[in-house]
Amino acid sequence: PQRNKIILSHDAHHLGEANLALGDPAAARKHFEESRVLRRAWTDAEPKSLEARSYLMQIHMCLGMAESFLGDDKKTDQQFAEAVRLGNSVIAAAPKYVPFRADLAEVQGNHGDAVLRRGKLEEAGKIFQQAMDNPQFVLSKRPDDLAYQTHLALAHERLGAVHKERDAVQ
């Protein structure tokens with residue numbers, strides 16, 4: 001049944017995360033790809049499910065991270081582009097549901113990290129700047145929300161790293 005495949009997609013995702021944390025992006029990619037196939041099937045079976053699209057966005061982000069550590073810039077950019085596209089689509093479909101904005105900020109932050117590892121400071125800075133937009137939007141409505149304060153702080157920290165690196169190069 002579909003529910004079992006959804007659970008398996010989460011299991012494969014967690015195995016991928018473990019492999020990525022252990023420094024094995026090739027093994028991580030294998031598990032993330034397995035999860036992507038299952039989550040794509042879920043999205044195809046339930047095309048109106050924002051939850052399914054959100055989880056598909058997450059796995060494209062993870063694939064982008066794995067590809068980045070494997071040094072494939074083209075695949076990295078493709079995976080992150082798809083994750084951003086999916087993130088924007090769920091936000092457009094449910095603009096008041098704020099967790100999707102945190103998800104997109106996470107995607108953008110990880111994409112910026114990948115671009116920064118390539119040494120593309122200006123491009124990374126632009127992505128990190130975009131990563132601040134969603135937490136700032138949420139905090140304008142929920143200023144005491146610690147989760148979004150954390151997302152915003154992380155975006156600022158990442159942007160600071162870009163400036164520090166830029167200053168070191170000059």
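Quick caveat, the model's predicted, so the values are computed rather than measured.
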> Can you check side-chain contact (heavy atoms from CB on, under 4.5 Å) on Phe32 and Met65, steps first, answer last?
Replying inline: CA-CA 10 Å; Phe32 290 148; Met65 292 164 54; 5.8 Å; no

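- With rounding to the nearest 0.5 Å, the separation of CZ in Arg117 from CG in Asp73 is 10.0 Å.
- Annotation: the span from Arg101 atom CZ to Ile91 atom CD1 amounts to 5.0 Å, rounded to 0.5 Å.
- Among all heavy-atom pairs drawn from Ala114 and Ser68, the shortest one is CB-OG, 3.4 Å.
- Between Leu56 and Glu51, every side-chain heavy-atom pair lies at or beyond the 4.5 Å cut-off.
- One hydrophobic cluster, built from ILVMFWY side chains closer than 4.5 Å, cannot hold both Leu15 and Trp42; they sit in different ones.
- Contact of the Asp103 side chain with the Val107 side chain is not registered, since no non-hydrogen atoms from C-beta on lie closer than 4.5 Å.
- Screening residues 65-85 for ring-ring contact (aromatic ring centres under 6.0 Å, His included), with sequence neighbours left out, gives Phe80-His111.
- A donor and an acceptor atom, one from each side chain of His60 and Glu82, are nowhere located under 3.5 Å apart.
- In this structure, Tyr55 has its ring center under 6.0 Å from that of His10.
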> Where do Phe100 and Ser54 land on the side-chain contact (heavy atoms from CB on, under 4.5 Å) test, with the steps shown first?
Replying inline: CA-CA 7 Å; Phe100 290 148; Ser54 178; 3.6 Å; yes

> Run the side-chain contact (heavy atoms from CB on, under 4.5 Å) check on His13 and Gln58 step by step: do they pass?
Replying inline: CA-CA 9 Å; His13 169 242; Gln58 176 190 52; 3.5 Å; yes

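- Considering only heavy atoms from C-beta on, Glu67 comes within 4.5 Å of Arg29 through its side chain.
- Atom CD1 of residue Ile59 and atom CZ of residue Arg36 lie 9.5 Å apart, to the nearest 0.5 angstrom.
- Nearest heavy atom pair, residue Ala12 against residue Glu34, reads CB-CD, 3.9 Å.
- Within 6.0 Å of atom CD in Gln2, more than 12 heavy atoms from other residues, nucleotides or ligands are found, so the atom counts as buried in its surroundings.
- Judged by distance alone, with hydrogens and angles left aside, the side-chain atoms of Thr76 form a donor-acceptor pair with the main-chain N or O of Asp72 at under 3.5 Å.
- Under a hydrophobic clustering in which Ile, Leu, Val, Met, Phe, Trp and Tyr are joined whenever their side-chain heavy atoms come within less than 4.5 Å, directly or via other members, Leu63 and Leu86 fall into the same cluster.
- A salt bridge is absent between Glu33 and Lys30; no separation between the charged side-chain nitrogens and carboxylate oxygens falls under 4.0 Å.
- With hydrogens and angles disregarded, a donor-acceptor distance shorter than 3.5 Å links the side chain of Ser35 to the backbone of Ser9.
- Listed here is the closest heavy atom pair of Ala161 and Leu116: CB-CD2, 4.5 Å.
- Contact record, Val162 with Ala124: CG2-CB, 4.1 Å, taken as the closest heavy-atom pair.
- Ion pairing between Arg118 and Asp77 holds under the 4.0 Å rule for side-chain N and carboxylate O.
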>> Working note: Leu38 + Ile6, criterion side-chain contact (heavy atoms from CB on, under 4.5 Å); need CA distance, chi angles, decisive distance, verdict.
In response: CA-CA 7 Å; Leu38 292 166; Ile6 293 168; over 6 Å; no

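- When all heavy atoms of Ala28 and Gly16 are compared, the pair lying nearest together is CB-O, 3.2 Å.
- Here Met132 contributes atom CE and Gln130 contributes atom CD; the two are 10.5 Å apart, rounded to the nearest 0.5 Å.
- One distance of note links CZ of Arg3 with CG of Leu8; it measures 11.5 Å at 0.5 Å rounding.
- Between Thr43 and Arg53, the side chains place no donor N or O within less than 3.5 Å of an acceptor N or O (distance only, hydrogens not considered).
- The structure places CG of Leu159 at 11.5 Å from CD1 of Ile127, a figure rounded to the nearest 0.5 Å.
- Leu20 and Leu70 fall into different hydrophobic clusters, where Ile, Leu, Val, Met, Phe, Trp and Tyr residues are linked whenever their side-chain heavy atoms come under 4.5 Å apart, directly or through other members.
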